[in-house]
Amino acid sequence: MAQYTRISGSVALITLQNPPVNALSAVVRHGIVDTVKRALKDSKVNAVVICGQNGRFCGGADIREFAGPMSGPPLVPMIHAIEAAQKPVVAAIEGIALGGGLELALGCHYRIAHSKARLGLPEVTLGLLPAAGGSQRLPRLIGVPAALDLITTGRHVSAAEALKLGIVDQVTEQNARDLAVEFALSVSGKPLGDRRLSTRPCPPLPDADEFFEGAMARVRQHARGAIAPVACVQAVRAAASLPYDRGMERERELMATLFNSGQARALQYCFFAQRVVGKWSLPSGARWDNSKARLVCKAAVIGQGTMGRAITVALAQAGVSVVAVETQEKQLMEAKQAVTTMLERASKRKGVTPPLDLLRFTADLREVDGAELVIEAVFEDLALKEQVFHQLSAVCRPGTLLCTNTSGLDVDRLAGCTRSPELVVGMHFFAPAHVMTLLEVVCGPRSSPEAVATAILLGRRMGKVSVAVGNCPGFVGNRMLKPYLEQANFLLEEGATPEQVDQVLEEFGLAMGPFKMSDLSGLDVGWRVRKEDGLTGPGVDPSQPMRVRRGHRYCPLPDLVCEQGRLGQKTGRGWYQYEGPGGREARPDPWLHSFLEEYRTRHGLTARRVDQDEILERCLYALINEGFRILEDGIAAGPEDVDAIYVHGYGWPRHQGGPMFYAGMVGLGRVLEKLEHHYRALPDVPYLQPSTLLRRLVETGSPPMQKWREVIQNPRSQL
Ligand code: COA
Ligand code: NAD
């Protein structure tokens, strides 16, 4: 709702009241329409101030309303009526003015912001565009280039930047509402003329056609198939080239297309999925956010290689003091230098002091004494990790949380090496750990809710989407990746090339195809795991056929590529060739093509044409099928968790929702049918066999995702 009060004799104060973010739901829009009418009619009122309760102006349209039929007054005429008012209307922006919230403020004649406020038009991140006049008013206020940047990226700007851009008229350190009231009194009676943004012309743009063509090309390149950013460019172009009314028509048309698109549904689902994942529940009924998370002020990181360094950076950036331990003298010196540089660079960008005083580097493990939480990031070697956990258990104070950054080893084995297994959890960061926003928090069967809660909270403070997962090889993300990568390898045996497979999956929207991704991570990582697993290397029985392991189809291609010393980007050769070791641009490699041909000939395989649909289905449906198994096994709390992991950690396109959401969009029946088809063709690939859960969901009429939990009802849940 919106509360109406009269203040300082002649100012009507309208306060939006809809906790927690004062979203513009139907009841709030009703309230605004009614209170604005009342203020304009009241002869004692000379000016109006609109603010939000609890220090938040407005978080925009109520996203939950998008799922159903819209009711209540529409935003466009409501904002238009405010703009057309004969009395000055001032927006007092505290906290946030986002989406419809900023559009409402743009309909006001003046905007006063608190210095800590953030403003933006994030609709594009929800698959939409600012369709309450935002795409037409903002370019008129701040010019096309700046408006296009905000609208196509959805980024939030600080009050200081908003002032510089001209979005707000004043910024205050004090209460924005009080200043807005004072300001409103000072401007009452003054002509409102060009304060009405819809009446202003858009600032002229030299070479407009060239500008918009360039902008469109850049946006398309970044969009990875998302349609909203493209529509945003079209809407701003309309603002720049058409009169306001016609621009509004164009805004409406474009919005109608976006609003009903699957992409908008997927992106809105992602918004809520990201928030749901922090709310997992334990079988005992205890929720982590009810169990007491400890606030960690002092941590230690063991191992200062690729991951350890970046975790150290991320901890220090979150204000946690860190003891960084590394046994190799050379690595220790390099790590100190690298961490310092990373922190200095990031701090320079933000204009803050680098938190170097929070760091201590040492070769002596005993110095971790005093840390409240330790993150182990040594080599992926179970015996070494067990030894480190033994040592940690001996040197750390009782009650210290011991975490491992393992990519997939048994967290409970490590817990078994300590005095307090309930204090051991996995904290699986993704490379580069100071950039990637995903953290899998691995709950061992003995991990206490308090330990899990503490790791989740710490992850959040580090800016991560923390997802609780169960303890199994590869946890959620890497477990699903395995069948996906294997299918990609099989496709090479059957006639595809790495670039063909990558291209199809990148056109689908993945940040990187499987072969480019493997080259980036290093082909030796998987090679080492397969050797340890007895799938390749000297331990394998030589009488076994090369393409069969444990009775199932096996593709030795990645092993053979590694044996050639081709380990990916780091060696300048892998599935692709690079300019040199560390080079980034993947170029098709004729050597690899001949190598594949020779391999096929040697194994009597006839290359065939592999089409796009087959690549998509076999790679993605294999991954999705494993996702259903993970839900069945209780390794993830729900489909949202799986999806958040893929969107935040594996470059899955947000506009496709995540693998489980995507399966729902394709149709569970269709996914099942295709898996059955491919499993019939490849009966020696067991993970193509459709999961029991997928079958049950299809049998129960493919219910919507919110209902999957009822079908899962997992007695085996590990969470
Ligand atoms: N509509 C409906 N619900 C919203 C909402 C909106 N525009 N914005 C936030 N919420 C809900 C969240 O789902 C969450 O609900 P929950 O407590 O049931 O999980 C709650 O409000 C708090 O949001 P949260 O994101 O957890 O709080 P925050 O303080 O970290 O961030 C915002 C606040 C406003 C910055 C963030 O919620 C946001 O970006 N909202 C979307 C803004 C937007 O895109 N508006 C344009 C809509 S077209
Ligand atoms: P890395 O080889 O770059 O670094 C490991 C570091 O640990 C080395 O500097 C080594 O000297 C040090 N070390 C070894 N034994 C030690 C000991 N006893 N005490 C202190 N330091 C010791 O490895 P990485 O890529 O950083 O991987 C570390 C862990 O993170 C592994 O478990 C790995 O599976 C996991 N991980 C890696 C990635 C990735 O992409 N690299 C992603 C997620 C998780």
Side-chain angles (χ1 to χ4, degrees), residues 296 299-318 320 322-328 330-343 345-346 359 361-363 365 368 371 373-382 384-389 392 401-411 414 424-442 455 458-459 461-467 469 474-478 481 517-529 567-570 582 645 648-651:
V296 174
V301 179
I302 316 300
Q304 286 293 305
T306 315
M307 293 304 284
R309 293 173 192 190
I311 295 170
T312 302
V313 168
L315 282 166
Q317 283 173 334
V320 178
V322 190
V323 180
V325 184
E326 166 64 56
T327 40
Q328 302 295 316
K330 186 164 168 276
Q331 282 283 80
L332 182 67
M333 299 317 287
E334 282 174 7
K336 193 171 177 183
Q337 184 58 50
V339 168
T340 306
T341 309
M342 282 194 263
L343 282 172
R345 267 200 211 129
L359 302 176
F361 288 83
T362 176
L365 190 77
V368 303
L373 180 143
V374 181
I375 301 173
E376 165 278 311
V378 303
F379 302 125
E380 187 77 342
D381 173 331
L382 186 61
L384 173 65
K385 285 187 193 277
E386 282 181 327
Q387 184 200 331
V388 170
F389 270 75
L392 286 172
L401 248 72
L402 301 182
C403 308
T404 172
N405 181 46
T406 173
S407 309
L409 297 175
D410 184 355
V411 171
L414 302 178
V424 176
V425 292
M427 283 184 88
H428 182 208
F429 292 88
F430 290 73
H434 59 308
V435 176
M436 294 294 284
T437 53
L438 176 66
L439 173 68
E440 284 185 328
V441 174
V442 188
L458 179 59
R461 281 172 60 207
M462 294 165 84
K464 312 292 177 203
V465 173
S466 306
V467 186
V469 298
F475 316 129
V476 170
N478 286 346
L481 203 61
M517 188 186 72
S518 303
D519 272 0
L520 176 68
S521 327
L523 302 184
D524 51 327
V525 180
W527 193 29
R528 202 173 317 129
V529 174
L567 305 182
Q569 281 190 14
K570 62 175 115 173
I645 286 171
H648 290 276
Y650 292 85

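Excluded from the calculations below are hydrogen atoms, water molecules and symmetry mates; all remaining heavy atoms, backbone and side chain alike, are included. Quick caveat, the model's predicted, so the values are computed rather than measured.
- At least one side-chain heavy atom of R309 sits under 4.5 Å from a side-chain heavy atom of E334.
- Put simply, the side chain of F430 does not reach to within 4.5 Å of the side chain of H648, judged on heavy atoms.
- A heavy-atom distance below 4.5 Å is not found between the side chains of V441 and F475.
- In this structure, SG in C403 is found 9.0 Å from CG in L439, a value given to the nearest 0.5 Å.
- Distance check, rounded to the nearest 0.5 Å: CE of M462 to CD1 of I311 gives 7.0 Å.
- Considering only heavy atoms from C-beta on, L414 comes within 4.5 Å of L382 through its side chain.
- The backbone N or O of A335 lies less than 3.5 Å from no partner atom in the side chain of E326, so there is not a single donor-acceptor pair.
- Under the 4.5 Å side-chain criterion, counting only non-hydrogen atoms from C-beta, T404 is in contact with K385.
- Counting heavy atoms from C-beta outward, L359 and L343 have side chains that approach closer than 4.5 Å.
- L458 has its side chain within reach of L373: a pair of non-hydrogen atoms, C-beta onward, lies under 4.5 Å apart.
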Does the side chain to side chain contact (heavy atoms under 4.5 Å, CB included) test come out yes or no for H428 and V469, once each step is laid out?
-> CA-CA 10 Å; H428 182 208; V469 298; over 6 Å; no

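- Between the R461 side chain and the V296 main chain, a donor and an acceptor come within less than 3.5 Å of each other.
- Counting only heavy atoms from C-beta outward, the side chains of M436 and L438 never approach each other to under 4.5 Å.
- Side-chain atoms of K464 come within 3.5 Å of backbone N or O of A433 as a donor-acceptor pair.
- In this structure, CD in Q331 is found 15.0 Å from NZ in K336, a value given to the nearest 0.5 Å.
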Side chain to side chain contact (heavy atoms under 4.5 Å, CB included) between E440 and N478, intermediate numbers included | CA-CA 11 Å; E440 284 185 328; N478 286 346; over 6 Å; no

Check the pair L315 / I375 against side chain to side chain contact (heavy atoms under 4.5 Å, CB included), numbers first and verdict last.
-> CA-CA 10 Å; L315 282 166; I375 301 173; 4.2 Å; yes

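- For the side chain to side chain contact (heavy atoms under 4.5 Å, CB included) test with I302, the passing option among V368, L402, N405 is V368; the others fail.
- Atom NE2 of residue H434 and atom CE of residue M342 lie 5.0 Å apart, to the nearest 0.5 angstrom.
- For the atom pair Q304 CD and T327 OG1, the distance stands at 10.5 Å (nearest 0.5 Å).
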